[in-house]
Amino acid sequence: FTPFTIKDIKAQGLQRLEIGTVLTYLPLAVGDQLNEQTSRAAMRALYGSGLFDDVRLERDGDTLMIVVKERPAISGFKIEGNDKIGGDELKKSLADAGMAEGELFKRDLLSEVQQELQRQYFANGYYDVQIDTEVKQEPNNRVNIEIQVTEGKATKIKEINIVGNQAFSKDELLKAFQLKKTNWMPFQKTDKYSKQQLGGDLEALSSYYQDRGYLKANISSVQVQLSPDKRDLYITANIEEGQVYTIKSNRISGDTILQTDFLERLLSTKSGEIFSRKLATESADRIEAALSDIGYAFAEVTPLPEVDEEKREVALNYVVRPGKRTYVRRINFAGHGDTHDETLRREMRQLEAAPFSKSAVERSRVRLTRLPFVEEAEVDTQPVPGTDDLVDVSFKVKERAPGSVQFGVGYSGSAGFLVSGSLTHTNFLGTGNRVSFEVNNSQISRVFNVSWTDPYFTNDGISQTASVFYRKSESVIRYSSGFNSNIVGFNLTYGIPLSEYTSLRAGFGIEETSLEAYSSGTSDEVLQFMRDNGSRFSTYQFRTGIARDTRNKTFFATRGSLNQFFVDASLPGSDLGFYSATYRSELYVPLPFKFIFSANTNIGMVDDYGGGPSEVPPYEYLFAGGPRTVRGYNDGRLGPRDSLGFALGGQLRTTMQNELIIPLPIESDQKSTRMSLFYDIGQVYLRPSDFDVNELRTAAGVGFQWFTPFLGLLQMSYAFPLNDKPGDNTRGFQITFGSGF
Amino acid sequence: CSDKKKVREPTPLADISNPAVRPHTVWTASTGGSGKYYSELRAGVEIDAIYTAGLDGRVAAYSLDKGKRLWSVNTKSRVAAGPSVSNDLVLVGTLDAEVIALKRTDGSEVWRAKLSSEALGPPVGEGGIVVARSIDGRVFGLDASNGQRLWNFDRSVPELVLRGISKPLISGTSVIVGMENGRAIALGLTDGEPRWEQAISVPAGRTVLDRLVDIDGDMIEGDDCLYVASFGGEVVCLSPTSGEVGWRRGVKSYNSLALGGGKVLVSDESGVVWALDQTSGAAAWKQEGLLYRRLSPPAYFGGYVVVGDFEGYLHWLDPSDGKIVARTRVGSDPIITQPMVGGDLLYVLNRDGKLAAISLPQKK
Amino acid sequence: CSNEKKKGPAFDTSEKSEAQLKAEAAALYRLARKDLDSSQWQSAIAYYEDLSKRYPFTEIATQGEIERIYALYRNSDSDRALSAADKFMREHPRNGHIDYVLYLKGLTEFYRDPSFSSMLGVQSYLGDVSADSRAFDNFSMLIQRFPDSRYRSDARERMVYLRNKIALHEVGVVRFYVKRGAYIAAAKRAEQVIAQYPGAPATFEALELMESAYRRAGLNEQADDAARLLAGQPNPGAAVLDLGGTEKAPWWKRLLGGSDNADVPDSTAVPPPEGTTPAAADPAAPQP
Amino acid sequence: CQILYRLPTRQGNVIDQRDLNKLQIGMTREQVKFVMGTPVAANPFRDERWDYFGYYKSPRGQSTSRTVSLYFADNKLSRMEGVQQASTEDLSAPDMQAIQTDFKKEANDSRTAAPPVDRQTPIPGGTP
């Protein structure tokens with residue numbers, strides 16, 4: 001047709017779409033010239049919009065008439081029979097591809113969906129599947145789509161055979177495989193064939209050989225064979241082992257930045273030993289890590305083997321390419337809500353406008369996870385666009401409920417119904433300061449304690465904790481023997497970092513105590529003590545100690561250890577001269593299959609400075625038994641009895657909790673929940689000299705911890721005392737909310 | 001309660017009122033077999049004895065008439081192919097990539113040859129040459145006297161193939177090999193040089209499964225035609241000397257073929273038994289009563305077409321119209337290899353290694 | 001196990017005339033709008049979703065989609081509101097209310113998660129400001145693309161507030177780095193504040209901190225340059241900086257992280273425009 | 001030096017004497033940037049000069065710093081200040097030694113606690 005200038009544009013056949021939408025896709029406008037070439041462009045654009053099944057351009061005088069046939073809308077979409085593949089994510093991916101109710105129906109999309117579904121079935125090892133689709137026309141240009149899937153039996157791996165293996169047995173090699181042949185296990189998943197997994201397994205097989213000296217081992221061919229009834233798969237890998245090679249020498253070449261002798265100490269491939277690709281790659285990684293710690297984030301180290309065929313020796317040449325030294329431009333935080341930016345930034349071991357150090361960034365991330373109000377922290381390093389040596393580091397933080405209402409519910413014969421409540425907020429107003437307000441009230445004792453800790457009293461992390469407490473207990477302290485005591489005290493302690501992981505504790509405390517005794521209700525031991533030392537004392541204590549904490553998280557740590565050795569000694573001028581020393585350690589050792597072994601040891605000793613009657617006040621005695629010391633025994637009831645038969649406590653407490661932490665297949669595992677089998681052992685002795693191994697009480701059982709949103713850490717345990725003696729007061733099920741940390 | 005359609009349900013068997021013939025089992029023996037595993041084990045029926053092998057490594061010989069065991073030896077390796085007999089050697093292939101040759105008379109081991117992968121192809125031998133095949137697509141020519149490699153021929157194998165290799169067929173001075181890529185090739189028996197190559201079926205389709213075209217069953221030579229069946233969907237008659245195609249018929253089968261009554265007998269992939277005219281390939285009849293019963297290759301014996309299924313039944317069909325005329329049972333394990341005719345007995349071997357000799361009473 | 005056919009929504013698939021179809025859609029829309037106006041966000045959202053599913057791509061369904069975004073925002077269902085808004089802008093690039101959708105996106109980010117300190121009436125700038133910068137970007141896109149939109153003035157006012165808040169946050173970081181002894185980091189951050197947030201009152205303090213950072217690092221030339229800028233004389237070759245206000249918040253307010261910034265704009269957003277939709281109009285009326 | 005462990009502070013570029021010796025008058029900005037890297041502490045108000053400033057304060061409190069200013073006349077390197085070693089004791093060296101000793105100490109600290117970032121062993125030559 002002859003080209004003409006467009007005076008007006010109209011559309012025909014529009015049912016639902018607005019004329020405006022059509023115009024947005026039309027490259028023509030009123031006044032343009034319509035000729036061969038622009039009309040073809042218009043057609044392509046309109047089809048490209050995906051909105052129309054058919055488009056025609058017609059001329060009506062000088063108006064351009066666009067005749068369209070809208071694509072039908074999908075009014076119903078159903079997929080059935082797809083048990084093995086699909087569920088929600090399949091529906092979502094289909095919806096994103098435009099195959100959902102309310103979307104426009106594109107015919108080629110349906111065959112694409114069918115192909116994709118079949119490919120996914122094959123990828124998951126279902127070779128015997130039938131997929132048929134049905135499109136029903138509906139009035140008002142709408143369609144109803146049904147996809148019917150008939151799944152046959154899953155094709156399972158019947159046999160994996162390895163040919164050509166002399167050095168190692170077939171069973172040993174097959175251990176390196178993820179794919180396994182069908183065995184008796186009912187819900188076995190590893191016998192499903194997947195091409196990528198087979199590729200990974202073959203890689204594992206060849207590196208198994210290369211890690212044991214067979215430098216030239218390679219897999220000559222692999223066959224995947226299907227039984228005629230499409231039920232069984234046979235996989236055969238043919239391997240040529242080649243010879244064993246030993247390492248002749250190690251050399252580091254290229255621009256090493258750091259002195260080569262320093263780097264050589266990082267190598268674990270020693271000359272004379274058998275060649276191992278794993279050790280070579282590990283050594284290369286270590287050099288890369290060293291370089292990236294002084295700013296070369298993109299360093300590359302490649303171990304090149306120079307092979308001497310007849311002597312079958314390898315000279316390893318580590319070629320170092322440092323790449324550009326990188327600097328950090330900005331460090332950003334996200335997800336920390338109210339917490340002040342400074343509370344997170346002061347934990348950073350990497351600074352801005354400074355050389356990038358990978359280990360410093362990683363340690364910064366670990367320090368964030370150790371904040372009590374942070375559950376999880378992830379870090380992402382992105383190059384700054386337009387530069388080749390600047391990066392931005394962004395930390396994404398997932399917060400845990402910082403505040404925790406902590407209360408313990410317990411009932412014990414003597415102390416009556418024990419309620420202890422406390423409000424602890426580990427991130428007060430986002431400043432990272434820890435405020436705790438504790439009230440402990442029961443028939444027999446009333447405790448009131450306020451403490452305030454500022455972890456960054458100075459920039460370099462000297463922490464300051466101040467706390468005031470008042471402790472009044474009628475007739476007996478929880479378990480021991482019949483006397484009242486009123487104690488008012490104040491203490492101030494500082495934590496001084498000596499290195500990244502160790503810190504010194506220094507501080508002092510003042511206590512005013514008054515005791516009351518009853519002629520009938522108080523045990524002889526207490527009466528004896530009051531005869532020796534009177535009933536009112538004031539003591540001034542120097543509190544010191546050292547702590548080293550390398551755990552990767554305060555709660556639910558999975559690696560590292562905490563060792564604390566604290567000593568509180570009374571100073572001259574106090575009425576009572578005694579000291580208390582406690583050693584507390586938590587050790588976490590990761591085991592294979594995500595199990596973790598953890599051992600919490602707690603050894604405490606209280607003694608006076610010797611000479612003369614004992615000046616260790618009864619309320620300072622240590623107790624054991626209960627959830628935090630030896631589970632399976634009632635709260636504080638281990639150890640010697642006083643003259644009235646109540647637990648007296650003692651001056652030496654040795655307890656140890658060994659736990660095997662079991663991985664749970666739930667999402668919150670090791671984040672806010674933890675399950676473990678435990679074996680506790682411990683005892684309290686009156687005098688340190690009374691220590692006797694076979695007096696130690698043991699118990700075993702199962703424990704469960706859950707960091708609740710509001711009640712802090714909830715700990716439940718059910719224990720079976722193993723060697724309880726008559727008169728021990730045992731208790732199977734124990735529960736506490738919240739725990740000191 | 002799930003009404004999900006099951007894929008490929010085996011058709012249940014109707015009972016036969018008056019069977020036209022009552023086959024009678026003369027003797028049975030248990031020969032090792034391959035348990036649940038697919039194998040290319042067969043009964044090697046010869047004029048002097050019948051030779052069998054099992055995955056447990058046992059190779060044995062039985063007398064034809066009474067099934068008395070003449071000798072039995074343990075090769076201590078997983079035999080999965082054969083045995084086949086050539087001159088005075090009994091040849092088997094193992095999953096540990098070896099071909100073993102034993103003496104025919106007493107089963108003592110003569111030699112062992114190492115191949116590049118599992119020797120799943122039943123070895124054949126003629127005129128001092130033994131031809132063996134491994135699953136990585138290689139064909140080996142070995143010296144029958146000591147097992148030394150004389151020549152080897154290599155052709156790449158598609159990504160996914162059917163388990164099982166077709167038995168090479170020696171015709172004249174060449175050996176014809178049906179390969180996994182759907183092509184048949186003739187190699188010189190003495191030098192392994194390719195003489196002609198013919199495509200039986202060409203892979204088509206998008207997924208790896210649609211592109212399966214293996215030639216798995218054994219080929220069979222008629223008077224002027226070599227018959228080859230492929231899983232790609234064709235049975236083809238081609239000239240053994242030039243490879244030219246006589247006729248093609250669209251039947252998909254991984255089973256060996258058989259000749260009988262002027263017809264080519266095929267049991268196809270979905271359990272239909274076909275009889276094709278030898279010269280024209282036209283389908284004389286097809287029996288669909290055994291759909292999806294995973295049939296064994298057919299055999300022609302005593303004027304009847306015999307085929308086994310996955311429940312150990314042996315079905316006897318009338319060769320003129322394919323009607324099922326009788327049914328017997330040989331144990332309850334699947335029959336996957338071709339029943340072998342020897343004299344007036346039919347030898348049937350099932351996957352569990354049970355060997356039965358069956359005879360037909362003279363029709364009244 | 002349940003294998004009866006899953007019944008789809010009650011569809012009467014009988015052939016219906018265009019007008020009848022429109023009448024049904026309008027009736028459903030009015031139901032939704034009634035709930036919207038009486039702040040029944042949940043049920044309003046459900047109606048709107050039903051509307052766009054059963055009468056897709058109709059004029060009224062499009063309007064319904066806008067009002068659904070507003071309902072999600074008021075229901076403080078931020079993530080769903082934002083993704084609904086993005087989907088709307090993708091599918092209806094030339095719709096008349098795109099400016100309103102952009103405005104809603106800005107508001108959703110603005111009131112993303114009410115912080116504890118904001119309950120005390122103190123808009124703390126010390127916490128996470130990433131949502132605020134996203135809000136700032138949405139509002140600025142609104143102003144650039146729709147200079148004459150009716151929401152321009154409110155958006156502008158919120159942008160000023162956000163800019164000051166983000167600038168104060170950045171200056172807080174500069175203060176930390178000076179305290180920590182990382183003087184170059186402090187100077188660089190201060191420089192970014194001045195470059196990205198001209199006119200924010202915090203730029204003045206940023207310049208002060210930059211000068212002391214350079215001084216302590218021993219880079220006196222840079223420190224003198226900063227001092228000159230502070231005193232208002234332009235630097236050779238550098239434009240005069242728009243330092244905005246010089247006043248600083250009283251110490252107790254800064255302690256809580258507040259600032260005597262312009263107080264927080266009114267939080268009740270403007271409901272969706274009613275006039276332009278055919279809702280009130282008689283459903284059978286011809287389309288505009 | 002006090003026993004208190006203060007966090008090490010590193011600021012600005014790490015200046016390496018070997019790089020400085022490669023600089024010649026007349027180089028373009030890109031060439032200088034290729035040799036020295038981006039000037040992290042460049043002065044925002046003065047376009048015509050680039051300051052490479054290196055500063056390091058060790059955990060025990062000793063601090064070393066060095067400034068190299070490069071002037072450009074119509075985008076060509078025209079003048080260099082502080083390029084030669086200021087004094088006999090190699091100013092740039094402490095920076096490297098300090099970092100190395102510091103690195104070794106950190107390495108065995110972190111080795112006991114958490115092994116260096118654990119990663120799958122990449123195929124040789126793979127970037128971290």
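Bear in mind that the values here come from a model prediction, so they are computed numbers and not experimental data. Each chain gets a letter, A, B and so on, in the order its sequence line appears, and its residues count up from 1. The figures here come from the full heavy-atom set of this structure, side chains too, leaving out hydrogens, waters and symmetry mates.
The number of heavy-atom neighbours closer than 6.0 Å to CZ of C/Phe136, taken from other residues, nucleotides and ligands shown, is above 12.
Here C/Lys179 pairs with A/Glu342 in a salt bridge; the nearest charged N to carboxylate O distance falls below 4.0 Å. Checked for salt-bridge contact, C/Arg189 and A/Glu352 meet the test: a charged N lies under 4.0 Å from a carboxylate O.
The shortest non-hydrogen separation linking A/Arg346 to C/Phe176 is CA-CZ, 3.5 Å.
Interface remark: C/Glu170 contributes side-chain atoms only to the contact with chain A (heavy atom separation under 4.5 Å).
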Before giving the answer on side chain to side chain contact (heavy atoms under 4.5 Å, CB included), spell out for A/Arg330 and C/Gln192 the whole-Å C-alpha distance, their side-chain angles and the decisive distance to 0.1 Å. CA-CA 10 Å; A/Arg330 270 178 79 95; C/Gln192 278 158 21; 2.7 Å; yes

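Note that NE2 of A/His340 and CG of C/Asp128 are 12.5 Å apart. Values are rounded to the nearest 0.5 Å. Distance check: C/Ile184 CD1 to A/Leu351 CG gives 11.5 Å after rounding to the nearest 0.5 Å. The CZ atom of C/Arg180 sits 9.0 Å away from the OH atom of A/Tyr456 when rounded to the nearest 0.5 Å.
Interface remark: of the candidates A/Asn332, A/Thr343, A/Ile331, A/Ile331 forms the most heavy-atom pairs closer than 4.5 Å to chain C.
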